[in-house]
Engineer: 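Quick one: the structure is below, and I'll ask about it shortly.
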Amino acid sequence: MILKWRKHNLNTSDHTLSIFALGGVNEIGKNMYVIQSSDDIVVIDCGAKFPDESLLGIDLIIQDISFLKENKDKIRALIVTHGHEDHIGGIPYLLKQLNMPVYATNLTLGLIELKLKEHGLLRQTKLLLIDEESIVRLGTIRTTFFRTSHSIPDCLGIAFHTPQGTIVHTGDFKFDFTPVDNQSPDIHKMAELGQQGVLLLLSESTNAERPGSTPSERLVGDHIVDAFRDAPRKVFISTFASNVHRVQQVVNAAIKTNRKLALVGRSMVNVVSVAIERGYLEVPEGMLIESREVSAMDPEKVAILCTGSQGEPMAALSRLSSSNFRDIEVLPEDTVILAASPIPGNERSVSRIIDNLFLLGARVIYGSGTVTGMHVSGHACQEELKLMLTLMKPKYFIPIHGEYRMLHQHRILAESVGVKSNNIFIVNNGDVVDIVDGKAVQTRSVDSGNIFVDGFGIGDVGNIILRDRKLLSEDGMLVIVTTISKSQGKIISGPDTISRGFIYGPESEELIKEVNESVRATINKTRDFNRNQRELKQNIKKSIEKLLYSRTKRRPMILPIIIDI
């Protein structure tokens, strides 16, 4: 399904530079940003977003790429800032419709390759390796890069040097000057860009509400080691699979406490395999064991690194907490560490898992990272966001990657370090900021919105289907089957009423009898139903809806089926 906002034609002149988001503003997830200089279009990131509880049955949310399809001949490349799902999750769906070269760093390319293999797209996609020293020419746009720190290795910020001026996209970042992999953010290159002049800055806003600075990832390592040492039996630790720095610190803790390590969860196995293969994880030979080997080992000699820190119902930690995992059990006095904070919206699912783990007798370490020391954010807090703004010294600023309150707070931070309020644009997905002769304006928009992925279906689930699913989940349904003589207009058999999720038939015989009598009466009243069977069905629905609501105060879905003989 496509939810569309305003639409205007975007016909840029040779002297126009245009910047807009197709996802990632006023939301967390499905990041996609577009730079257009004359007839050259560059796409930045192509992420996905996971559905909330209201989107029943939906697997994934991706961007509406109508604009890109209409301008496919102008697209020069997709550049990916890093390998998180909200930046790469939509790439297979994009490439199925538009073939374009994909530029990314080493680890990011490895994670993208996994997705393209699953979708059968790897052979037909041109993947190009970049790093912070690369220079990529894309038509009128010269692209350079600078290294940033985040919760996954190999992250880049991007500078687009155009005839109108330089546009900088920070990617996701924080300023970690003691990173686990010793790859510090390139603050000198950022300052150099600022000295040369930045026309417009797009900077992430995830932690714009949080004062201070984000602690270094290195601080988490000591807390993990202490927890491993204090654990009397098995240790389970759950974190984001993509947080390779955190995974390295788990490996280091296992080495220091003489424990073998089992990886549990498909995404954990895949990411660790790619990270080891490409040199981003150092794991001693013989350290990793299979999950089926855990039960045969002394419990104080083993640790399990698993997925599911966000309460996903089918992830490893959820299944372990409900004793529904084939090879491994959580037993009394085992230690379970949640080394990640719940993403907003996941709190209830995570709490349910924690409750189940306590019921199993486990020792559970959970809560915010500031309390347990087991997690630090990968995103910049207020002082770091102000540092980025100060280094870049942009004339214009667009806060991105965040919900509205985060974008608003980022605007205030920008004003506090000297960016003029009239030069700051808080935009919706699809809102175009045009820069003509050095002056930025926002007066038009392109198609944008959400496309729902449901199984193999892409965009074929819309509001009507979601409304029906919601109705079915709340009040159930009633199917009423009636066979009628086409020539005589009389009921031959039925009505037969079938209830699913509404009432239990054997205990509601009287109500079912009333429903059937109401259907008979409606059919007998309706004339010329052969010429307008739709009207007959509508009349049946109206009469039954009224009857059921008066008896039960519920509104199930009603499906009248008329069989003509």
Side-chain angles (χ1 to χ4, degrees), residues 31 33 35 37 40-46 76-84 87-88 91 100-113 125-163 165-204 217 242 244-245 248 274-282 378 380 384 387-388 390-394:
N31 290 281
Y33 307 93
I35 308 288
S37 175
D40 300 309
I41 292 174
V42 180
V43 183
I44 309 160
D45 292 339
C46 182
R76 304 295 169 244
L78 167 65
I79 302 179
V80 184
T81 59
H82 66 285
H84 277 151
H87 296 260
I88 69 171
I91 289 178
M100 65 185 74
V102 178
Y103 291 84
T105 53
N106 190 17
L107 178 62
T108 307
L109 281 183
L111 298 175
I112 292 171
E113 283 182 8
T125 304
K126 188 176 182 181
L127 299 176
L128 298 158
L129 179 65
I130 55 173
D131 60 25
E132 63 269 23
E133 301 301 328
S134 298
I135 299 175
V136 180
R137 295 187 180 276
L138 303 166
T140 57
I141 303 172
R142 181 172 64 91
T143 308
T144 61
F145 306 91
F146 55 92
R147 188 171 59 242
T148 60
S149 293
H150 188 39
S151 55
I152 187 172
D154 258 9
C155 298
L156 293 177
I158 311 171
F160 300 92
H161 306 276
T162 77
T166 299
I167 309 298
V168 173
H169 184 293
T170 65
D172 289 7
F173 75 95
K174 67 178 184 179
F175 285 101
D176 189 343
F177 295 111
T178 57
V180 173
D181 60 359
N182 296 317
Q183 295 295 306
S184 298
D186 196 341
I187 195 167
H188 301 292
K189 191 174 281 190
M190 298 177 203
E192 185 179 347
L193 283 167
Q195 289 296 325
Q196 293 170 354
V198 173
L199 180 61
L200 185 144
L201 174 68
L202 300 112
S203 181
E204 73 130 322
E217 173 66 30
S242 60
V244 176
H245 300 317
Q248 182 66 68
V274 171
I276 292 174
E277 177 187 333
R278 298 193 174 226
Y280 294 88
L281 261 180
E282 295 182 7
E384 296 156 284
L387 175 58
M388 179 64 80
T390 302
L391 290 169
M392 292 295 173
K393 301 182 178 66

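Just so you know, these numbers come straight off a predicted model, no measurement behind them.
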Engineer: Just wondering, do S149 and Q183 contact through their side chains at under 4.5 Å, heavy atoms?
Structural biologist: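 When only atoms from C-beta onward are counted, S149 and Q183 do not touch, as no gap falls below 4.5 Å.
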
Engineer: Check the pair M100 / V42 against side-chain contact (heavy atoms from CB on, under 4.5 Å), numbers first and verdict last.
Structural biologist: CA-CA 10 Å; M100 65 185 74; V42 180; over 6 Å; no

Engineer: So how far is it from D45 CG to I91 CD1, rounded to the nearest 0.5 Å?
Structural biologist: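 Interatomic distance, D45 CG to I91 CD1, rounded to 0.5 Å: 7.5 Å.
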
Engineer: Taking atom CD as the centre, does Q196 end up with more than 12 heavy-atom neighbours from other residues, nucleotides or ligands that are less than 6.0 angstrom away?
Structural biologist: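 It does: Q196 CD has more than 12 such atoms within range.
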
Engineer: For E217, is there any backbone N or O sitting under 3.5 Å from a side-chain donor or acceptor partner on D176?
Structural biologist: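 A pair under 3.5 Å: yes.
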
Engineer: Got I167 and I141 here, is their nearest side-chain heavy-atom distance under 4.5 Å?
Structural biologist: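 With C-beta onward as the side chain, the pair stays apart.
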
Engineer: Short question: side chain of H150, backbone of I152 - any donor-acceptor pair under 3.5 Å?
Structural biologist: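 No.
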
Engineer: Is the shortest heavy-atom distance from the side chain of H161 to the side chain of L193 under 4.5 Å?
Structural biologist: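 The answer is yes, as the side chains (C-beta and beyond) meet within the 4.5 Å cut-off.
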
Engineer: Supply the atom-to-atom distance I41 CD1 to I35 CD1, rounded to the nearest 0.5 angstrom.
Structural biologist: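 Taking CD1 in I41 and CD1 in I35, the distance rounds to 11.0 Å.
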
Engineer: Would you find a donor on one side and an acceptor on the other, under 3.5 Å apart, between the side chain of D40 and the backbone of G139?
Structural biologist: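 Flag not set: sc D40 to bb G139 has no pair under 3.5 Å.
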
Engineer: Do you see a donor-acceptor pair shorter than 3.5 Å between the side chains of D172 and H87?
Structural biologist: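 Side-chain D/A pair, D172 to H87: present.
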
Engineer: State, yes or no, whether a side-chain contact exists between L156 and Y103 at a heavy-atom distance under 4.5 Å.
Structural biologist: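 They are not in side-chain contact.
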
Engineer: Roughly how far apart are N106 CG and R278 CZ, rounded to 0.5 Å?
Structural biologist: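 Here the rounded value is 5.0 Å.
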
Engineer: Is any side-chain heavy atom of M190 closer than 4.5 Å to one of P185?
Structural biologist: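 They are in contact (side-chain heavy atoms under 4.5 Å apart), so the answer is yes.
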
Engineer: Going by heavy atoms in the side chains, are T143 and F145 under 4.5 Å from each other?
Structural biologist: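 A side-chain contact under 4.5 Å exists here.
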
Engineer: Let me confirm one number: the CD1-OG1 distance from I79 to T81, rounded to the nearest 0.5 Å.
Structural biologist: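 Between atom CD1 of I79 and atom OG1 of T81 there are 10.0 Å.
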
Engineer: If we ignore hydrogens and angles and just use 3.5 Å, is the side chain of S37 paired with the main-chain N or O of T140 as donor and acceptor?
Structural biologist: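 Judged by distance alone, no pair lies under 3.5 Å.
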
Engineer: Can you measure from CD1 (I112) to CG (L107) and round to the nearest 0.5 angstrom?
Structural biologist: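 Answer for the CD1-CG pair, I112 versus L107, is 10.0 Å.
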
Engineer: Just by distance, with hydrogens left out, do H82 and T108 show a side-chain donor and acceptor under 3.5 Å apart?
Structural biologist: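 Side chains of H82 and T108: no pair found under 3.5 Å.
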
Engineer: About how many Å separate CD1 of I158 and CZ of F146, when rounded to the nearest 0.5 Å?
Structural biologist: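 Between atom CZ of F146 and atom CD1 of I158 there are 8.5 Å.
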
Engineer: With sequence neighbours excluded, tell me which residues meet salt bridge (charged side-chain N to carboxylate O under 4.0 Å, His left out) with E132.
Structural biologist: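 Listed in chain order: R147.
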
Engineer: Fit a plane to each ring of F173 and F175, take the angle between them on a 0 to 90° scale, and name the class: parallel (under 30°), tilted (30 to 60°) or perpendicular (over 60°).
Structural biologist: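 Rings of F173 and F175: perpendicular, over 60°.
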
Engineer: Which pair of non-hydrogen atoms, one from G157 and one from T148, has the smallest distance, and what is that distance?
Structural biologist: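 That closest heavy-atom pairing would be N-CG2, 3.9 Å.
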
